Amino acid sequence: QVQLVESGGGSAQAGGSLRLSCAASEYTNKMGWFRQAPGKEREGVATIYLGTTYYAESVRGRFTISQDNAKKMLYLQLNGLKVEDTGMYYCAAGPAWHNYGPLSLRTYIYWGQGTQVTVSS
């Protein structure tokens, strides 16, 4: 069982920046960030999957995912924020035997409690 705790969410103006952090109880080779806006399904934002980073098209070039394996930390730098980036952001981790694709929710079975990101115009 991997435990995940997110922090760093908050409010920002459009065009601003935020940095999210996720503390993991142990390292896995599939970790990522997902988000869920009100009334919408949870979607993949950015993941580090078997050593490679993957981004949703909507955030590519604006968000950056990084990982500090020694500290068992996962980060998401959010730059150039847009109102449509508003939502609950979740840190997720997947076990070695789950391989449904880097941005597929099915790959990830461990989830944090989420941290809210609100972007205003």
Side-chain angles (χ1 to χ4, degrees):
Q1 184 81 10
V2 179
Q3 296 179 334
L4 305 165
V5 179
E6 304 97 334
S7 61
S11 298
Q13 295 279 342
S17 298
L18 287 171
R19 189 188 194 214
L20 307 184
S21 299
C22 172
S25 60
E26 61 184 86
Y27 166 80
T28 77
N29 62 7
K30 302 181 187 72
M31 295 192 70
W33 292 94
F34 292 74
R35 69 185 179 189
Q36 188 166 18
K40 294 188 176 181
E41 294 185 353
R42 193 171 298 189
E43 62 176 358
V45 175
T47 65
I48 300 179
Y49 184 90
L50 303 178
T52 301
T53 57
Y54 296 86
Y55 295 94
E57 193 60 38
S58 60
V59 307
R60 193 186 310 276
R62 299 187 297 120
F63 291 6
T64 303
I65 189 172
S66 61
Q67 189 174 32
D68 184 332
N69 294 340
K71 295 182 179 179
K72 292 178 286 188
M73 294 290 296
L74 186 72
Y75 304 100
L76 186 67
Q77 179 67 41
L78 295 71
N79 295 331
L81 282 163
K82 302 178 179 180
V83 173
E84 52 263 41
D85 293 321
T86 294
M88 187 70 78
Y89 283 67
Y90 297 91
C91 178
W97 60 90
H98 266 225
N99 290 296
Y100 297 101
L103 291 173
S104 171
L105 272 70
R106 295 177 63 194
T107 294
Y108 305 89
I109 64 172
Y110 306 113
W111 296 85
Q113 81 288 350
T115 186
Q116 178 69 36
V117 170
T118 302
V119 184
S120 57
S121 58

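It should be emphasised that the depicted structure is a prediction, and the values quoted were computed from it without experimental measurement.
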Q. If only atom types and distance count, is the side chain of T115 paired as donor or acceptor with the main-chain N or O of Y89 below 3.5 Å?
A.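 Such a contact is absent between T115 side chain and Y89 backbone.
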Q. Of N69, T28, L4, I65, which meets side-chain contact (heavy atoms from CB on, under 4.5 Å) against L74?
A. I65
Q | Residue of the set M73, Q67, K71 for which side-chain contact (heavy atoms from CB on, under 4.5 Å) holds with Y27 | A | Q67
Indicate if [X] and [Y] have the same hydrophobic cluster label, given that clusters are the connected sets of ILVMFWY residues with side-chain heavy-atom separations under 4.5 angstrom.
X	Y	answer
Y54	L50	yes
L20	V45	yes
V2	I109	yes

Q. Is it the case that more than 12 heavy atoms not belonging to R106 sit under 6.0 Å from its CZ atom?
A. no
Q: Give a yes or no on whether Q113 atom CD has more than 12 heavy-atom contacts from other residues, nucleotides or ligands under 6.0 Å away.
A: yes
Nearest-0.5 Å distance, [atom1] of residue [X] to [atom2] of residue [Y]:
X	Y	atom1	atom2	result
Q3	C91	CD	SG	12.5 Å
L18	T118	CG	OG1	9.0 Å
R35	M88	CZ	CE	14.0 Å
T107	Y100	OG1	OH	8.0 Å
E43	Y90	CD	OH	12.5 Å
T47	M31	OG1	CE	11.0 Å

Nearest atoms (heavy-atom pairs only) where [X] meets [Y]:
X	Y	value
A12	S17	CB-O, 4.4 Å
A56	L103	N-CD1, 4.0 Å
V117	G9	CG2-CA, 4.3 Å
I48	T53	CG1-CG2, 3.9 Å
Y49	G101	OH-N, 3.7 Å
Y108	P102	OH-O, 2.6 Å

Q) When you look at F63 and L81, which way does the side-chain contact (heavy atoms from CB on, under 4.5 Å) test go after all the steps? A) CA-CA 9 Å; F63 291 6; L81 282 163; 4.1 Å; yes
Q.
Assess the residue pair D85 and R62 against the criterion (side-chain contact (heavy atoms from CB on, under 4.5 Å)); give the C-alpha distance rounded to whole Å, side-chain angles, the decisive distance to 0.1 Å, and a yes or no.
A. CA-CA 11 Å; D85 293 321; R62 299 187 297 120; 2.7 Å; yes
Q: Apply the test side-chain contact (heavy atoms from CB on, under 4.5 Å) to residues T86 and Q116: give CA-CA distance (whole Å), side-chain angles for both, the deciding distance (0.1 Å), then the verdict.
A: CA-CA 8 Å; T86 294; Q116 178 69 36; 4.1 Å; yes
Q: Measure the acute angle between the ring planes of W111 and F34, then classify it against the limits of 30° and 60° as parallel, tilted or perpendicular.
A: perpendicular
Q) Is the shortest distance from a Lys or Arg side-chain nitrogen in E26 or K72 to a carboxylate oxygen in the other one below 4.0 Å? A) no
(Q) Between W33 and E6, is there a side-chain heavy-atom distance shorter than 4.5 Å? (A) yes
